[in-house]
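What follows is a short report on a single structure.
Convention: sequence-line order gives letters A, B, ...; per-chain numbering from 1. This structure is a prediction, so every number in the text was calculated from the model and none was measured.
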Amino acid sequence: SGETFEVGEGNLVLLYTKNDGKLTRYSNIRNSVSAAAEQSFKYYTGYNGTDRVFQASGAYVFRPNGTIPINPEGYINFTVIRGPLLDEVHHQLNEWLYQVTRVYKGKEHAEFEYTVGPVPVDDGFGKEIVTQISTGLNTNRTFYTDSNGRDFVKRIRDFRPDWELDVHQPIAGNYYPINLGVYIEDESMEASLLVDRAVGGSSLEDGQIELMLHRRLLNDDSRGVGEALNEEVCILGDCKGLMVQGKCYLRIDKLGEGALWRRRFGQEIYSPLLLAFSEEEESSWL
Amino acid sequence: EHSTDGLGDALAIAQHHDAVSGTERLHVANDYALRLSIGYKEAEKVVASSLAVLTTLGNNSVYSCPLLNVSYCPPSEANFTGVKSLIIVVYNPLGWTREEVVRIPVSTENVVVLDSTGSEIESQLLPASNFSSLVKNYHVKAYLGESAVNSGGYWLAFSALVPPLGFSTYIVSNKKGRESRSVLSSIYTSEDF
């Protein structure tokens, strides 16, 4: 009704704006959790340089040189698919960025499946593509990331507990490795984002979580690998940048209720159901 | 005659710090991928023969679909019409019961999903997007050197209930002779809003 439409047939309902298909709200009917939730995409252009002048962004070094939003005005073309088991929202953001958001009837998390690539580099700049989930949580510069899938460790923006930090790289200096997930919390709620692969991530603003989805860079960062992080797939001599497809999962809980889901569902991401196929005559399979 | 040793070797090599952090050269990354693929193919045969014994499928071939994430799965996309039905074995490697939506690509909308007792269960058909067809062709061409069997088609979704460290069996059957079938999803575009 009005300016928004709902997605989700079960406890979880996501609200989107009608005119541009943007996610605006996350609501869980079962536990009365309702929070603003917006998603955006952008990319960082990588520094082109050497080890001496303008240290390049490369395999070892993340050194962004400018932030470019992707479709900040909204997603003009989107498609909603509804059914008895799950609803999907498809967003085509540009020629190399596509996302499907799924809400399963029996689950209380949203699933984002992103497909990124081949990232264009014709303009001479490498790109590092990220997505951000912004909530209204008052997080006071604090967020939590896992430690190689184990305990979540407290991170404070622009701060290290054991030395005086002088921040020269406000983005890269606050990035951490994410293997299981990242979460933020305030006095009433917590928002968790789990991943299906190792990525980089951070919380660069209060109430926000950021994940890096893909990197394609054109310069060697001169830290030993000896080549640029510019992976390509070649078919009959036609080489294109790598295309990646992955998933992340968002859930917002009342404070203190997210840890169980992060542990349990994190294990389910790591050990998915395995499928095998065969065929049999109709009359004999019973 | 088959073993999981090749996969073990590939996984061991991929523990190198360059493999873990992604700071290896591209040709090394390709080598890691190749070894993992070889190991996977070998281990797949062990799993297939084990499942065949467990499920009493006997001599029937059992396949896995490593490119299922890009909706490429020849056994499920085949026209399993007539007397043949598609058998799906869902294995749960964790120690608790799980109920999850399983999705497989199919080429026809005339299907029903049955559980192992022969009772029909709720299922949903989702049309494959143009973009997912593009992704599918990209990967199938890149990794298998051939064109995808079916571009487009549908994803068939159904809810699988699987016991701890165990498996459940589901059957996808042609709807012929049956009153109901999988529910086709409703589709709304941005223009509809």
Which residues in residues 161-170 of chain B have any heavy atom closer than 4.5 Å to a heavy atom of chain A?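 The residues closer than 4.5 Å to chain A, in numerical order, are B/Val162.
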Per-residue contacts, residues 18-30 of chain B versus chain A, heavy atoms under 4.5 Å: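 Residues of residues 18-30 of chain B touching chain A at under 4.5 Å: B/Asp18, B/Gly22, B/Thr23, B/Glu24, B/Arg25, B/Leu26, B/Ala29.
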Side chain, backbone, both or neither: which part of [X] has a non-hydrogen atom closer than 4.5 Å to chain B?
{"X": "A/Glu268", "value": "both"}
{"X": "A/Ala198", "value": "neither"}
{"X": "A/Asp221", "value": "neither"}
{"X": "A/Val225", "value": "both"}
{"X": "A/Gln267", "value": "both"}

Check this for me, if you would: do A/Arg150 and A/Asp146 make a salt bridge, where the nitrogen-to-carboxylate-oxygen distance has to be below 4.0 angstrom?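 Looking at A/Arg150 and A/Asp146, the cut-off is not met.
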Less than 3.5 Å apart, any donor N or O on the side chain of [X] or [Y] sitting next to an acceptor on the other?
{"X": "B/Glu77", "Y": "B/Ser107", "value": "no"}
{"X": "B/Glu44", "Y": "B/Ser64", "value": "yes"}
{"X": "A/Gln55", "Y": "A/Arg223", "value": "yes"}

Take B/Val112 and B/Val172 through the test side-chain contact (heavy atoms from CB on, under 4.5 Å) and record every step on the way to the result. CA-CA 6 Å; B/Val112 288; B/Val172 179; over 6 Å; no
Chain A contact via B/Leu134 - which portion, at a heavy-atom distance below 4.5 Å: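 Contact with chain A is absent: no heavy atom of B/Leu134 under 4.5 Å.
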Tell me whether the rings of A/Tyr16 and A/Phe5 are parallel (<30°), tilted (30 to 60°) or perpendicular (>60°).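 Correct class here is parallel.
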Tell me the salt bridge (Lys or Arg N to Asp or Glu O under 4.0 Å) pairs involving residues 105-118 of chain A, sequence neighbours left out?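 For residues 105-118 of chain A, and leaving out neighbouring residues, the salt bridge (Lys or Arg N to Asp or Glu O under 4.0 Å) pairs sorted by first residue read A/Arg30-A/Glu108, A/Arg102-A/Glu111, A/Arg102-A/Glu113, A/Glu108-A/Arg251, A/Glu111-A/Lys247.
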Contacts of A/Tyr104 that satisfy ring-ring contact (aromatic ring centres under 6.0 Å, His included) - sequence neighbours left out: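 By the ring-ring contact (aromatic ring centres under 6.0 Å, His included) rule, A/Tyr104 matches no residue at all.
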